[in-house]
Visitor: 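Have a look at this one.
Values reported hereafter were calculated over all heavy atoms of this structure, with side chains retained and with hydrogens, waters and symmetry mates removed. Chain identifiers are assigned alphabetically (A, B, ...) following the order of the sequence lines, protein sequences preceding nucleic acid strands; residue numbering begins at 1 within each chain.
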2 protein chains.
Amino acid sequence: MNIGHIAQQAGVSRSTVSYVLSGKRQIGAATRARVMAIIDQANYRPSATARALSNGSTRTLALAVPRLHHHLSIEIMQFVGAIAEAAAEDEFDTLLSPSGGGERQSALERLVMERRVDGIILMETLISDPRVEMLMAQGFPFITIGRAGHDTEHDWVDTNYEGLVREAVERLAAQGHRHIALVNRPQEMLDKGYCLSVNAKAGFEAACADLGLHGVMACCDEDDGAGEQSLRQILDLDPKVTGVVSVNDRSLAALMDALAADGRSVPDDMSVIAVAPPRVAARTSPPVTAADVPAAPMAAKAVQTLLARIGDVETEPVRELFSTPFVDRGSVGPAKRPAARNRRR
Amino acid sequence: MNIGHIAQQAGVSRSTVSYVLSGKRQIGAATRARVMAIIDQANYRPSATARALSNGSTRTLALAVPRLHHHLSIEIMQFVGAIAEAAAEDEFDTLLSPSGGGERQSALERLVMERRVDGIILMETLISDPRVEMLMAQGFPFITIGRAGHDTEHDWVDTNYEGLVREAVERLAAQGHRHIALVNRPQEMLDKGYCLSVNAKAGFEAACADLGLHGVMACCDEDDGAGEQSLRQILDLDPKVTGVVSVNDRSLAALMDALAADGRSVPDDMSVIAVAPPRVAARTSPPVTAADVPAAPMAAKAVQTLLARIGDVETEPVRELFSTPFVDRGSVGPAKRPAARNRRR
DNA sequence: TTGAAAGCGCTACCAT
DNA sequence: ATGGTAGCGCTTTCAA
């Protein structure tokens, strides 16, 4: 069933059917009614492929997601869902391309060179990301979620990790904590230059310097259970730590458990504050004061910006930082004198 | 840059270039080398759209995911990741279509009628699912993940919830528990006829009947924190309950917390056994003995089966139930005499 | 107000 | 071993 059949049945030309469908031309009421009747009766829909070939537009976006051991983390998934929804609003479909972190670059490149999509959304970007270089070089429309380190001239939206971590540090400092720690993403990510890790670290160090605090950082794997190991690492680096900032939601629960197992109660012996989804931060014991990553608004903005970019390649790059307020869940309290802490270990 | 340019540069016809690319024809070594050189130098890739139009095949699958309040659950995302990877193995792309549970049926139908994809994978099916009816009626290639209630003639893979729940019940019974409960998915899902909820319920009731146990069921919302409410519900229905089977991973952690808050220790006062990902079941306090949903093998099988179906519409439907063993995490223990339990409430 | 026909870029059949 | 060309199903310009 194609446009030709419809045209034949209705006794009009194919172009007329096309114009009835697109509304780009005035069509006589009688003709239109006749054509529409046939279309409805046959439940005809024009082939997306043929239309794409003719228009030079696929009405499809690709979303480059990291290949986290064949499953996706909560934070990623929030973005995936939000982006698919936002794209659907504008009648765009979303192609999932597992191709982050240096792996499967070729898969992404294939999408570009084969013109399989109109634009690309990159997640989990690196400070120096080969995918970004490639897309820039190709002049292909794209936007990154999480690119804020470099000053390449492209669109991005990002969570303001630097600012959020700074605020977290300030909150700890306000309660008298002088020795604090950052639980960052895995070492591997920091080494590879994941923007998120790098920015969190930068924000932490800058804030500590500004406030005259003693700060240490631990990188923490995202296996469940890595929380204990990172706690140990922190206390080895600085036994006087009384406040922890975490940007590693995957290990947050394990961290809390490890604290409990170590006989440290929160917030009495240790204050904890994090950047993590409510689903995670509210579910630990005890719950953790945290700022959420505003996935939905970021996704909406990313899609909107990308579509604009697809329409007009020449306009100024859009860059936007997103923040959300910290939700107090009582995991931050005043610092005790270190000597007063009751260590049983 | 298209196939014509390449042909011109190489001084050959377009068909020759096409055959060099596809390898469907013997090409003289010299010609092939010349053509390949041009192709490499130009980094040329044939347009996916044009190829799709010509072949009548998009090499794209759609994955219909539920629209869980704009974000996706852990179990779902395991499938999403695994399916995208499996499809990529076979050089198929994966389109995400947020269209489950009765909502956005039209989005799915559009994909079909516009021939935007070659096949569809449905998740979270209903016992009587309009999407299935529609795809059957259209004769469109598809497979469902989770369809096992009805006997329509289509491909499916499913987690053996009925069997897993039965085994869970048997394990409780073996420890002497006579009053047990099932924590099912939300009431709404059961009412709508989600296969998973329905099968879990059926397995539970059948097993209880066979073993002469007294069983009650509570439907539990998937907000974090709904665990407490469902515990209350269970104890209202039958205060003598000493064993719980949960197929609701989202509320599992909250359930464990609620038990603790209620002064019931696991497994001494209450045994708990679940169907849930290790990430969840191993992270509760205490951890819960559970069977994982085998997402990766199910996804692989689903993709493989769907591709076969796309190739050959006539063969017998494939149906496969997947199970995984329960991993003992010590949350199941012998039943105490109800009277001996120490209730403080 | 409508129709005819030239593409869009590729594949594959029919020639040579 | 290679070339010419007719589609694939749609959009849109040019004509009437």
Visitor: Looking at D/dT11, I'd like to know if its phosphate oxygens (OP1 or OP2) sit under 4.0 Å from a side-chain N or O belonging to A/Lys24.
Guide: no
Visitor: Answer yes when A/Arg116 and B/Asp93 have at least one side-chain N-carboxylate O distance shorter than 4.0 Å, and no when they do not.
Guide: yes
Visitor: Between C/dC8, C/dA12, D/dA1, which one does the side chain of B/Asn55 approach most closely?
Guide: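 So the nucleotide nearest the side chain must be C/dA12.
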Visitor: Please report, rounded to the nearest Å, how far the C1' atom of D/dG9 is from the CZ atom of A/Arg14.
Guide: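 The distance from CZ of A/Arg14 to C1' of D/dG9 comes to 7 Å, rounded to the nearest Å.
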Visitor: According to a strict under-4.0 Å criterion, is A/Tyr19 in side-chain N/O contact with OP1 or OP2 of C/dA4?
Guide: no
Visitor: Does B/Tyr44 have a side-chain nitrogen or oxygen under 4.0 Å from the phosphate oxygens OP1 or OP2 of C/dG9?
Guide: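 No, because none of the side-chain N or O atoms of B/Tyr44 sits under 4.0 Å from OP1 or OP2 of C/dG9.
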Visitor: What does A/Gly28 touch in the nucleic acid at a heavy-atom separation under 4.0 angstrom: a base, only the sugar-phosphate, or nothing?
Guide: sugar-phosphate
Visitor: Find the distance A/Met1:CE to D/dC10:C1' and express it as a whole number of Å.
Guide: 15 Å
Visitor: Using a cut-off of less than 4.0 Å, is there contact between a side-chain N or O of B/Thr16 and OP1 or OP2 of D/dT2?
Guide: no
Visitor: C/dT2 P sits how many Å from A/Ile27 CD1, rounded?
Guide: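 For the pair A/Ile27 CD1 and C/dT2 P, the rounded distance is 6 Å.
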Visitor: Have a look at A/Ser22 and say if it touches a base, only the backbone sugar-phosphate, or nothing, with a 4.0 Å heavy-atom cut-off.
Guide: nothing
Visitor: Please give me the minimum heavy-atom distance between B/Val157 and B/Met298, naming the atom from each residue.
Guide: CG2-O, 4.0 Å
Visitor: Please lay out, stage by stage, how A/Leu122 and A/Ile145 fare under the test side-chain contact (heavy atoms from CB on, under 4.5 Å).
Guide: CA-CA 6 Å; A/Leu122 293 182; A/Ile145 292 184; over 6 Å; no
Visitor: Nearest whole angstrom, please: distance from the P of C/dC8 to the CG of A/Leu53.
Guide: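 After rounding, the reported distance stands at 9 Å.
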Visitor: Less than 4.0 angstrom between a side-chain N/O of A/Ser13 and OP1 or OP2 of C/dG3, yes or no?
Guide: yes
Visitor: State whether B/Arg131 and B/Glu124 are salt-bridged, where the test is any N-O pair (Lys NZ or Arg NE/NH1/NH2 against Asp/Glu carboxylate O) under 4.0 Å.
Guide: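 Salt bridge between B/Arg131 and B/Glu124, a charged N being under 4.0 Å from a carboxylate O: no.
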Visitor: From the set C/dT11, C/dC8, C/dT1, return the single nucleotide nearest to any side-chain atom of B/Ile3.
Guide: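 My answer, after comparing the listed nucleotides, is C/dT11.
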Visitor: Take atom CD of A/Glu114 and atom C1' of C/dC10, then tell me their distance rounded to the nearest Å.
Guide: 12 Å
Visitor: For A/Asp158 and A/Leu321, indicate whether the former's side chain and the latter's backbone hold a donor-acceptor pair under 3.5 Å.
Guide: no
Visitor: Give the nucleotide from the list D/dG3, C/dC10, D/dC8 with an atom nearest to the side chain of B/Ser15.
Guide: D/dG3
Visitor: In this structure, how many angstroms lie between the C1' atom of D/dG9 and the CZ atom of B/Arg116, rounded?
Guide: 15 Å
Visitor: Starting from P on D/dT11, measure out to CG on A/Leu21 and report it in whole angstrom.
Guide: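 Checked: the CG to P distance equals 7 Å.
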Visitor: Report the distance from atom CZ of A/Arg34 to atom P of C/dT2, rounded to the nearest whole Å.
Guide: 8 Å
Visitor: Under 4.0 Å between a side-chain N/O of A/Ser18 and OP1 or OP2 of D/dT11, yes or no?
Guide: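 Yes, within the criterion.
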Visitor: Identify which nucleotide among C/dT1, D/dA1, D/dT5 has an atom closest to any side-chain atom of A/Gln26, counting heavy atoms from C-beta outward.
Guide: C/dT1
Visitor: Between B/Ser54 and B/Arg25, who's closer to the 5' end of DNA chain D by nearest nucleotide?
Guide: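 Final value for this comparison: B/Arg25.
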Visitor: Is it true that a side-chain atom of B/Asn55 and a backbone atom of B/Ser57 form a donor plus acceptor pair closer than 3.5 Å?
Guide: no
